[in-house]
Participant: 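Just dropping this structure here.
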Amino acid sequence: MQFDLNEDQALLRRSTREFLEKEAPLAETRVVMEESAEGYAKNLYAQLGDLGYAGLLLSEEEGGLGAIAFAVVMAEMGRVAFPGPFLDLTLAVQMLANCPEASAREWQDRAGAGSALVVIAQGEDIGSTDPASPSVVFEDNRVRGSKVFVPFGAQADALIVSTAQGLALVPRPGAGWNAMPLTTLDHAQRFVRLNFDDEAIRLTDPESGAALLADALRLGALGASAQMFGIMERSLEIAVAYTSEREAFGAPIGSFQALQHRCADMLIQTESTRSATFRAAWAEETGTGEAAYLSSVAKAWAGPAGRFVCGQTIQLLGGVGFTWEYDPHIYLKRLKTLEQFHGSTAWHIENALANAPLMEA
Amino acid sequence: MDLCFTDAQIQFQSEVRDWIGAHLERPFTSEVRDSAHDANSLVEVRRSWQKKLNDAGYLGMRWATEWGGRGATEVEEAILQAELNRADAPVIPNFLGVSLLGPALIHHGSEEQRRRFIPKMLSADEIWCQGFSEPGSGSDLASLRTRAEPDGDNFRITGQKVWTTFGPWADWIFVLARTDPEDRYGGISFFLVPIDQEGVEMRPLKQITGESEFGEVFFDGALAKREHLVGQVGEGWRIAMTVLGYERGASTLASPAEYESQLRGLVSALEQRGTLEQPLVREKLGRLVVENEVMRANGLRTLANIAAGIAPGPESSIQKIFWSEYHQRMTDTAVELLGPQGQLEARSPESRPEIDWAYQYLWSRAGTIYSGSSEIQRNIIAKRVLHMPTAR
Ligand SMILES: Cc1cc2nc3c(=O)[nH]c(=O)nc-3n(C[C@H](O)[C@H](O)[C@H](O)COP(=O)(O)OP(=O)(O)OC[C@H]3O[C@@H](n4cnc5c(N)ncnc54)[C@H](O)[C@@H]3O)c2cc1C
């Protein structure tokens, strides 16, 4: 038994951290979230694509590094609240790799190289989403209907759209997307509602489409949990550093037991997220058959745990914690976004319960 | 990363399972429910279970062969504990002896002490209790005042210990006593004291569960022989603190295994009540399942680190807080979801057969107090893991 990363994975973590801290520090996230319409740094995505990051989830022959490496990278991206749909991109690349359609290959290569942005468009109207029977249709080589909360949909070069007839690939139409931006509390996000009446290529039938969407949900939950872990880890570092420096009543506030116990609780939540996430990644990588259960366990745990950690970091910084200028809110917001996507907390609780070994008769 | 057991470990696990299947007559919950039993006869059930475990070589598995060991690792010990808990096997009456005193004797005791005490401790022919806490010294254990004064070659012990688990049935007590009032840590020594003597009085104390599993002990010039001093005079604190760390691995998988069995019981009870499909019930139940699985992930991580030779640091405090507080959340929720029935005592008509929820609900209050309270564990995390500043 061994919990630690192997040498390659540890090296990947170091080099990813160095790369991101240099190229994408939190200050960059701010610039992107406040000033850029795109919402992400295209050149960085191309660089990461060159380095093979977008293909992390591919098979080994195709340059993938496995689910543990994927979790390692996602955790690092969480630490800097890396802007843009990188998780969505890796999921799309993985999905394309499993579509037999020839045009899927071409898009897989471009997306994997970071030169094209491809994301999955799955969500439908709020409250009525039934992933099993989308209302969007594929007919006469066109996709018609509406998808909502498509991450960075307006910027995408192509979308993988779930339709009642299976998955379809919609390249960006000549006139551009019919997209309506949705702004959320995380200004680094670029969600849109998309109305389709566009030429498309069918990628799968409904059945294999559903299987690929289930894979994407499971892997997305894992990636989101890993990002949430990175966010929590960094957030707690900020809280501990600040409370060790800041003085009140003639002492560093971090010497007050109330705050020490709060930080201890934050550590428990954070480290437990690490354990649950990497265990799920390990199950995914080794194919133990528990992957769906364990990734739901991780995601169901990480959301509430992360909300607590990020919320308490704001609390422990006092007034400055409530300012736009200080960083804790960036983590809280990203955390909240991640909790809502790739399966909500409630969905994963139910999925964990339904798949729990103890529910077997 | 590798969170798998080896083939040999899996083999061991199935051996243990088979062995338990063949030797455990019925779950301990059923023993408790049996109105033919009283507190004493339940102790005998536990004693005879310990004897079986000992005969099968399942106690002290990591110790040298001559002390019952079989060259086992902490992983195997963790597997054994998890299987025992899963099956709701009785807790051995000498659990404090085996987990604390055994390692103390093996690592710090004399050859004669090992010969004299270990075999009977393992066979449960002598039951041990732990005399650390005092009325004035619990969390701040090093402030203890029970004193041991030289009397010729021997020592005389005077003072009071309290919350002494299994005291009412114990033959011997291992005691931390002060040999130097000036030296907070270096003034504490570790003694083995027979309870059946003039100068020792054991009184049972009634717990919130209604039982009297622990007691208080009064020492009035009780005799502790020189040969029953463990280590040297003044080494008691160091010995006590190091032995507390030896059993770090054994419990890693035991709590989630135990709670998983309890959750299974909850699921079947909810099924019978017809509420298992209610969304609110499922959310609460699902959350418990998720948290228990996260606890298991933490446990696997700790165990894997131990197996890889990485000393567990903060993990043991995280683990202690997690299982003890989880048990409270779980029993709170279970008793709530079971409605009035959740409060029925084991021997009441119409009580749930699989889990004694009323007892578990009350018993769960203990875990956050003993073995370093939740508050003390959080202090440890803040200081030793997060390195937060100390008050000036
Ligand atoms: C079921 C049970 C079995 C036990 N069995 C044994 C046994 O066999 N042998 C034995 O020696 N002892 C035993 N104990 C005793 C146990 O170890 C003590 O109860 C424990 O150490 C706490 O000490 P105390 O009861 O004096 O509480 P106190 O130390 O007085 O604590 C009271 C409260 O104050 C908090 N507190 C104390 N110090 C701090 C601090 N620095 N910061 C923040 N909060 C603090 C505590 O967390 C607790 O909530 C047992 C206890 C129980 C409940």
Side-chain angles (χ1 to χ4, degrees), chain A residues 1-6 9 68 236 239-240 243-245 250-257 259-268 271-283 285-286 288 293-294 296-301 304-305 346 348-354 356-359, chain B residues 1-6 9 75 260-261 263-264 266-268 276 279 282-308 310 314-315 317-319 321-322 325 374-375 377-383 385-392:
Chain A
M1 288 181 94
Q2 167 105 36
F3 185 83
D4 272 12
L5 301 175
N6 69 25
Q9 292 156 351
I68 297 171
L236 175 58
V240 171
T243 54
S244 300
E245 287 291 315
I253 57 173
S255 67
F256 302 145
Q257 195 181 48
L259 303 199
Q260 295 189 340
H261 284 196
R262 196 80 47 79
C263 289
D265 283 331
M266 291 158 76
L267 181 85
I268 294 170
E271 290 304 324
S272 299
T273 307
R274 186 204 302 268
S275 307
T277 299
F278 280 90
R279 181 179 176 213
W282 171 81
E285 186 155 318
T286 49
T288 60
Y293 170 56
L294 292 177
S296 276
V297 165
K299 179 82 168 44
W301 170 269
H348 283 291
I349 288 176
E350 174 56 39
N351 195 52
L353 181 61
L358 68 84
M359 294 295 279
Chain B
M1 272 183 85
D2 173 16
L3 299 179
C4 263
F5 295 138
T6 62
Q9 287 160 348
V75 176
E260 184 169 306
S261 307
L263 286 171
R264 267 180 213 275
L266 179 59
V267 168
S268 69
L276 185 58
R282 291 187 74 77
E283 179 161 0
K284 288 186 180 200
L285 180 65
R287 194 134 253 300
L288 292 176
V289 168
V290 164
E291 291 179 7
N292 196 45
E293 206 55 66
V294 171
M295 188 182 350
R296 185 160 17 229
N298 281 335
L300 283 165
R301 171 178 167 190
T302 305
L303 194 61
N305 281 343
I306 293 172
I310 302 166
E315 292 99 327
S317 286
I318 292 179
Q319 199 178 304
I321 292 173
F322 205 126
E325 296 186 353
S374 291
E375 289 75 22
Q377 304 293 349
R378 285 185 169 83
N379 290 347
I380 292 172
I381 291 173
K383 295 211 166 62
V385 185
L386 296 171
H387 304 293
M388 294 182 77
T390 38
R392 286 183 201 146

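Predicted model, so just to flag it, every value in this text is computed and none were measured. Naming convention: chains lettered A, B, ... in sequence-line order (proteins, then strands); numbering from 1 in each chain.
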Participant: Looking at every heavy atom in both Q260(A) and P389(B), which two are closest together, and how far apart are they?
Facilitator: NE2-O, 3.0 Å
Participant: Would you call E285(A) and M1(B) a side-chain contact if the rule is heavy atoms closer than 4.5 Å?
Facilitator: no
Participant: Which bit of E271(A) comes within less than 4.5 Å of chain B, counting heavy atoms only: side chain, backbone, both or neither?
Facilitator: both
Participant: Show your working on side chain to side chain contact (heavy atoms under 4.5 Å, CB included) between Y293(A) and E293(B) and close with a plain yes or no.
Facilitator: CA-CA 10 Å; Y293(A) 170 56; E293(B) 206 55 66; 2.5 Å; yes
Participant: Answer whether the closest heavy-atom distance between the side chains of T286(A) and D2(B) falls below 4.5 Å.
Facilitator: no
Participant: With a 4.5 angstrom heavy-atom cut-off, is it the side chain or the backbone of N379(B) that approaches chain A, or both, or neither?
Facilitator: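 Both the backbone and the side chain of N379(B) come within 4.5 Å of chain A.
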Participant: Any side-chain heavy atom of R378(B) within less than 4.5 Å of one from Q257(A)?
Facilitator: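 No - every pair of side-chain heavy atoms lies 4.5 Å or more apart.
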Participant: Quick check on A300(A) against chain B: is it the side chain, the backbone, both or neither that has a heavy atom closer than 4.5 Å?
Facilitator: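 Both backbone and side chain.
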Participant: Mind checking the CD-CG spacing from E260(B) to L358(A)? Nearest 0.5 Å is all I need.
Facilitator: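 Going from CD on E260(B) over to CG on L358(A), the span is 5.0 Å.
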Participant: Would you give the length of the straight line joining atom CG of L267(A) to atom CG of L386(B), rounded to the nearest 0.5 angstrom?
Facilitator: 5.0 Å
Participant: Taking all non-hydrogen atoms of both residues into account, name the closest pair between M388(B) and L259(A) and its distance.
Facilitator: CE-O, 4.2 Å
Participant: Roughly how far apart are F3(A) CZ and L303(B) CG, rounded to 0.5 Å?
Facilitator: 12.5 Å
Participant: Identify which part of V294(B) has an atom lying under 4.5 Å from any heavy atom of chain A, answering side chain, backbone, both or neither.
Facilitator: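 Both parts, backbone and side chain.
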Participant: Within this structure, what is the OG-CE distance for the pair S275(A) and M295(B), rounded to the nearest 0.5 Å?
Facilitator: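 Interatomic distance, S275(A) OG to M295(B) CE, rounded to 0.5 Å: 12.0 Å.
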Participant: How close do Q2(A) and L3(B) get, heavy atom to heavy atom, and via which atoms?
Facilitator: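 Smallest interatomic distance, heavy atoms only, reads O-CD2, 4.0 Å.
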Participant: At a heavy-atom separation under 4.5 Å, does E375(B) approach chain A through its side chain, its backbone, both, or neither?
Facilitator: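 Both parts, backbone and side chain.
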Participant: Are any of the side-chain heavy atoms of V297(A) and V289(B) separated by less than 4.5 Å?
Facilitator: no
Participant: Among T288(A), L236(A), D265(A), single out the residue with the greatest number of heavy-atom pairs under 4.5 Å to chain B.
Facilitator: D265(A)
Participant: Out of curiosity, R274(A) CZ to N298(B) CG, how far, rounded to the nearest 0.5 Å?
Facilitator: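 If we round to the nearest 0.5 Å, R274(A):CZ and N298(B):CG are 10.5 Å apart.
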Participant: What is the minimum heavy-atom distance between L300(B) and M1(A), and which atoms define it?
Facilitator: CD2-CE, 3.6 Å
Participant: Which value, rounded to the nearest 0.5 Å, describes the distance between K284(B) atom NZ and I349(A) atom CD1?
Facilitator: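 Reported value, rounded in 0.5 Å steps: 12.0 Å.
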Participant: What residue in S268(B), A304(B), G299(B) has the most heavy-atom pairs under 4.5 Å with chain A?
Facilitator: A304(B)
Participant: Between R301(B) and F278(A), is there a side-chain heavy-atom distance shorter than 4.5 Å?
Facilitator: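 Contact flag for F278(A)/R301(B) side chains = no.
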Participant: Compare every heavy atom of S272(A) with every heavy atom of F322(B), then report the nearest pair and how far apart it is.
Facilitator: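 Minimum heavy-atom separation between F322(B) and S272(A): CE1-OG, 3.5 Å.
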Participant: Identify which part of I380(B) has an atom lying under 4.5 Å from any heavy atom of chain A, answering side chain, backbone, both or neither.
Facilitator: neither
